[in-house]
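Notes follow once the structure below has been shown.
Heavy-atom basis, side chains included; hydrogens, waters and symmetry copies ignored.
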Amino acid sequence: MGALVLMAPQGPAAAAAGRQEAVTFSKHIAPLLQRSCQKCHRPGSIAPMSLLTWEDARPYARAMKFKTSLGPKPGVMPPWFIEKNVGIQEFKNDPSLSDEEIALIAAWADGGAPEGNPADLPPPITWSDGTAWEIGEPDLVVKSPTFSIAPSAPDWFGDIGSVPTGINEDRYIAAYQIREINNSRDQPQVVETAAKNTAGSFVMHHATVTTIAPNGTPMLAGCCNVHEVGRNAEFFDPDAGKLIEAGSRLAFSNSHIHANGRETTGYLEVGFKFHPRGYKPAAQSRNLFIGTSPELIDIPGMASNVRHEALYTLRENMKLTVFEPHMHAPGVRMCVEAIYGEEVQTLNCAGYEHSWVLAYTYAADAQPLLPRGTILRTIGYMDNSPKNPNVADPRNWTGAGHRSIDMMNIALWQGIALTDEQFHEALEERRQKLAVKEGGRVVGCPLCGPGQKLPALAGAEQPRPSGGQ
Ligand code: HEC
């Protein structure tokens with residue numbers, strides 16, 4: 001209590017938040033930090049400083065104002081790059097702040113970062129330890145082979161090998177999370193590298209993690225898509241858990257390791273959450289990788305606005321569950337569109353930051369529901385100029401390739417294939433839930449509007465575009 005409480009906030013941000021009372025840490029800021037920041041900003045987690053208490057947060061008030069106000073661009077806190085003015089907005093575990101919350105942080109910083117009345121504080125969250133899993137306590141953790149890299153070694157690309165999962169019964173995966181554990185924090189920085197802002201100084205930029213069945217068959221996309229630096233946990237659609245067979249192995253391939261200025265040794269650990277024994281999936285999961293052909297990627301040196309596209313026609317009805325832009329260092333933004341008949345819908349646009357690669361899991365009622373025949377378009381934007389700090393030397397021409405300094409432009413989708421019956425059911429359910437009015441349209445569901453024709457049932461003619469009539 002005391003004088004701090006009486007300090008009225010000044011400035012446009014406070015006015016924007018429309019408040020008369022002082023914005024205080026205890027009452028307004030602490031709840032935001034608990035929801036969107038403390039997962040990383042607490043002792044032992046990946047961020048450089050704690051934001052648990054007023055004493056911790058106060059010195060960073062201005063930096064917090066700056067970092068939360070960057071929009072869906074590299075550097076924004078919390079890391080989350082979905083553009084909010086276009087496309088689908090409902091995602092699972094979305095940590096991003098609303099405009100009002102961003103204005104609150106600004107008003108708090110502008111008002112001198114007052115503590116307020118400690119009695120207003122929300123109960124503190126009990127974090128289990130510095131390395132809590134987003135998926136909850138895993139049922140199984142598998143460690144990759146060890147890897148290491150010298151402080152200024154060039155990019156390394158290759159396979160780091162496979163390990164047994166150790167499970168002796170078939171199980172279905174509900175969610176998984178991959179984390180890099182390394183000794184980097186204990187080492188002094190000896191060389192400045194291009195990877196200055198790689199989150200928490202990890203070195204494994206990405207690795208494809210797949211299962212190998214007991215008979216030796218590699219199961220591409222068998223469990224885990226890809227690990228990417230900073231990537232969040234992934235939850236599969238509850239109807240489409242993925243099988244991991246008894247006696248299978250996990251392989252870590254296409255691994256791309258980037259020096260971080262320190263002598264670093266580490267490994268990946270993959271945490272699995274399983275469905276209960278006896279679970280059977282009701283639907284078929286699919287991985288769709290829609291990207292520009294490598295031969296076509298052509299990015300001149302010093303070019304700041306290069307755009308590449310890719311198109312793909314769905315051959316099955318599809319419910320999309322996860323959107324993940326996959327680019328490399330020059331990538332700065334990706335938009336994805338669904339085209340059905342005359343209707344062109346922007347499903348999402350997201351900023352891209354090569355040091356914080358994120359996957360976006362749609363909330364259940366917002367998963368795109370697309371009839372077969374829909375064209376999915378990937379549009380990637382690249383900045384190969386000095387404005388992009390992830391590019392090592394912008395004077396170089398860049399084409400496609402596996403290394404970070406090369407480029408890829410792929411939307412990695414996950415979804416589930418629906419039979420016509422399942423698709424009709426899903427459409428009907430969605431229409432009822434959203435109560436779409438006459439003439440209304442739903443982004444991500446071109447057939448959700450009332451009166452729009454459903455695609456013909458299997459065996460009949462192909463679905464007709466809904467535009468026009
Ligand atoms: C997913 C993990 C994560 C979340 C969530 C997160 N941060 Fe961060 N934050 C980091 C990491 C890692 C860094 C350092 C590397 C960087 O800047 O990219 C950082 C850096 C920062 C910095 C810069 C520190 C400096 O020294 O200048 C500020 C300020 C910050 N975060 C504020 C926030 C706020 C406020 C929130 C919530 C609204 C938040 N962060 C959420 C991981 C996170």
Side-chain angles (χ1 to χ4, degrees), residues 131 133-148 156-182 202 204-229 231-257 266-289 316 319-322 324 326 357 359 361 402 410 412-417:
T131 53
W133 293 83
E134 243 178 274
I135 56 169
E137 204 44 50
D139 298 315
L140 173 72
V141 177
V142 181
K143 289 183 183 174
S144 77
T146 305
F147 49 81
S148 53
W156 185 87
F157 185 82
D159 295 345
I160 56 170
S162 71
V163 291
T165 56
I167 62 165
N168 48 20
E169 56 181 329
D170 287 2
R171 293 301 296 266
Y172 283 91
I173 307 165
Y176 76 93
Q177 185 181 350
I178 307 179
R179 315 187 303 191
E180 177 181 335
I181 309 294
N182 71 34
F202 300 119
M204 178 64 80
H205 192 276
H206 70 250
T208 311
V209 183
T210 47
T211 41
I212 302 178
N215 65 6
T217 315
M219 315 284 283
L220 256 189
C223 69
C224 310
N225 257 342
V226 283
H227 166 66
E228 307 202 62
V229 66
R231 192 177 189 280
N232 35 1
E234 192 170 322
F235 299 79
F236 295 126
D237 187 287
D239 284 342
K242 290 200 183 178
L243 176 66
I244 182 159
E245 284 181 66
S248 54
R249 299 175 70 83
L250 274 194
F252 300 82
S253 52
N254 298 325
S255 315
H256 167 198
I257 304 179
Y267 56 89
L268 298 180
E269 56 181 18
V270 189
F272 292 102
K273 247 334 202 207
F274 292 139
H275 282 291
R277 290 186 172 84
Y279 164 94
K280 286 272 176 283
Q284 296 270 343
S285 62
R286 293 280 184 270
N287 289 62
L288 298 172
F289 297 168
E316 302 173 291
K319 180 160 87 176
L320 296 174
T321 53
V322 179
E324 177 171 0
H326 183 89
V357 180
T361 303
H402 285 302
I410 312 174
L412 306 177
W413 290 105
Q414 289 183 57
I416 57 184

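At least one test fails for Arg286 against the ring of Trp413: distance under 6.0 Å to the centre or angle within 45° of the axis.
For the pair Glu269 and Arg179, the salt-bridge criterion is met [side-chain N within less than 4.0 Å of a carboxylate O]. Between Glu169 and Arg277, at least one side-chain N (NZ, or NE/NH1/NH2) sits under 4.0 Å from a carboxylate O, which counts as a salt bridge.
Under the 3.5 Å distance criterion, with hydrogens and angles disregarded, no donor-acceptor pair is assigned to the side chains of Ser253 and Asp159.
Using a 4.5 Å heavy-atom threshold, the side chains of Glu180 and Phe147 count as touching. Counting heavy atoms from C-beta outward, Phe272 and Val141 have side chains that stay 4.5 Å or more apart. Counting heavy atoms from C-beta on, the side chains of Thr165 and Val270 never come closer than 4.5 Å. Within the 4.5 Å cutoff, side-chain heavy atoms of Pro164 are placed close to those of Arg249.
A distance of 9.5 Å separates OG1 of Thr217 from CD1 of Ile212, quoted to the nearest 0.5 Å.
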- Query: ring pair (Phe, Tyr, Trp, His ring centres under 6.0 Å) between Tyr279 and Phe274: does it pass, once the steps are laid out?
  - Reply: CA-CA 9 Å; Tyr279 164 94; Phe274 292 139; over 10 Å; no
- Message: Let's go through Met204 and Phe252 carefully: what are the C-alpha distance in whole Å and the side-chain angles of both, what is the deciding distance for side-chain contact (heavy atoms from CB on, under 4.5 Å) to 0.1 Å, and is it a yes or a no?
- Response: CA-CA 11 Å; Met204 178 64 80; Phe252 300 82; over 6 Å; no
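Counting non-hydrogen atoms of neighbouring residues, nucleotides and ligands closer than 6.0 angstrom, the CD atom of Glu134 exceeds 12 such neighbours.
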